[in-house]
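To start, the structure under review is shown below, and the notes come after it.
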Amino acid sequence: LENNVTFLGHIQGEQKISYYKSIDICVIPSSFESFSFVTLEAMASGKPVVASNVGGIPYLVEEGETGFLFEPGNYHELAKKVIQLLENKELRERMGKLAEEKAELFSWESVTDETIKLYEKTLRG
């Protein structure tokens, strides 16, 4: 594992962005997540995500479209999906592009527009 995986600990800012750009896929094996900013950041960087099917992650990751989901603790399923992406560059790139498009729905501009529409609708009754 140590020859293929680097555990970075806490990183932030420009360093975090450069790491997202340097990876092929993002793996999130959480047993609990609310709204996963790590998932959203990876997707915004155009990376497919392999993540646990918990909390808010399935709201972001569309199975087979923007990445893959697996049941928490099922590391055989996790490994199978990671290998599938590592062995198929075309699939990684397609999922990464779709992930980036989906992440755009959560940009501050998009969220602001949707909030304004909701307020306007509420005011109209």
Side-chain angles (χ1 to χ4, degrees):
L1 184 67
E2 57 275 349
N3 292 331
N4 297 304
V5 176
T6 304
F7 295 96
L8 301 172
H10 181 75
I11 57 172
Q12 57 189 358
E14 291 299 319
Q15 185 182 21
K16 180 169 55 172
I17 293 167
S18 73
Y19 277 117
Y20 278 124
K21 292 192 180 295
S22 73
I23 63 175
D24 292 319
I25 61 174
C26 182
V27 178
I28 305 169
S30 301
S31 57
F32 174 82
E33 286 283 341
S34 55
F35 184 84
S36 176
F37 282 105
V38 172
T39 302
L40 189 57
E41 290 169 341
M43 291 172 64
S45 298
K47 305 304 176 180
V49 174
V50 178
S52 300
N53 189 12
V54 296
I57 292 175
Y59 182 67
L60 297 170
V61 177
E62 296 174 58
E63 176 65 25
E65 295 296 318
T66 61
F68 291 123
L69 298 169
F70 66 94
E71 292 308 311
N74 188 340
Y75 300 109
H76 294 289
E77 186 181 8
L78 163 62
K80 179 180 164 188
K81 291 180 176 189
V82 168
I83 290 167
Q84 182 179 355
L85 281 173
L86 290 176
E87 290 180 342
N88 190 333
K89 183 178 180 181
E90 185 178 305
L91 178 63
R92 274 196 322 268
E93 289 175 351
R94 181 178 63 78
M95 283 185 167
K97 184 175 181 348
L98 291 172
E100 189 172 4
E101 290 171 8
K102 173 113 186 212
E104 184 60 35
L105 298 174
F106 298 91
S107 70
W108 285 115
E109 185 177 334
S110 294
V111 170
T112 301
D113 289 346
E114 290 302 312
T115 302
I116 290 170
K117 287 177 190 175
L118 178 63
Y119 283 133
E120 289 172 344
K121 181 179 177 183
T122 302
L123 290 172
R124 284 192 303 268

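Along the sequence shown, the residues carry numbers beginning at 1. Here the structure is a predicted model, which means the values were calculated and not measured.
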Task: K97 with E93: basic N within carboxylate O range, under 4.0 Å - done: no
TODO: Considering only NZ, NE, NH1 and NH2 on the basic side and carboxylate oxygens on the acidic side, decide whether K80 and E77 come within less than 4.0 Å.
DONE: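 E77 and K80: not salt-bridged.
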Nearest 0.5 Å please: distance from the [atom1] atom of [X] over to the [atom2] atom of [Y].
X	Y	atom1	atom2	answer
K81	F70	NZ	CZ	9.0 Å
Y19	I11	OH	CD1	6.0 Å
I25	Q84	CD1	CD	10.5 Å
K121	L123	NZ	CG	12.5 Å
E114	I116	CD	CD1	10.0 Å
K102	M43	NZ	CE	6.0 Å

Closer than 3.5 angstrom, by distance alone: can the side chain of [X] be matched with the main-chain N or O of [Y] as a donor-acceptor pair?
X	Y	result
E63	L69	yes
S45	K21	no
S52	S31	no
K47	I23	yes

Are [X] and [Y] connected in the hydrophobic side-chain network, where two residues link if heavy atoms are under 4.5 Å apart?
X	Y	result
V111	L40	no
M95	L86	yes
V50	I57	no
L60	I28	yes
V38	V54	yes

TODO: Kindly write out the residues that satisfy ring pair (Phe, Tyr, Trp, His ring centres under 6.0 Å) with F35, not counting sequence neighbours, or none if the list is empty.
DONE: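 Per chain and number, F35 pairs via ring pair (Phe, Tyr, Trp, His ring centres under 6.0 Å) with F37, F106.
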Task: Derivation of the side chain to side chain contact (heavy atoms under 4.5 Å, CB included) call for E14 and I17 - done: CA-CA 5 Å; E14 291 299 319; I17 293 167; 4.1 Å; yes
- [ ] For the pair T66 and V49, evaluate side chain to side chain contact (heavy atoms under 4.5 Å, CB included) and give the outcome as yes or no after the intermediate values.
- [x] CA-CA 7 Å; T66 61; V49 174; over 6 Å; no
Open item on the list: Are the side chains of S36 and Y59 in contact, using a 4.5 Å heavy-atom criterion?
Closed with: no
Task: Criterion side chain to side chain contact (heavy atoms under 4.5 Å, CB included) against P48, the qualifying member of L85, D24, L98 - done: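 Considering L85, D24, L98, a side chain to side chain contact (heavy atoms under 4.5 Å, CB included) with P48 is found only for L85.
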Please name the pair of heavy atoms, one in [X] and one in [Y], separated by the smallest distance, quoted to 0.1 Å.
X	Y	answer
S30	P72	O-CB, 4.3 Å
F68	L91	CZ-CD2, 4.2 Å
S110	E104	OG-O, 3.0 Å

Task: Test log, rule side chain to side chain contact (heavy atoms under 4.5 Å, CB included), inputs R92 and N88 - done: CA-CA 6 Å; R92 274 196 322 268; N88 190 333; 6.0 Å; no
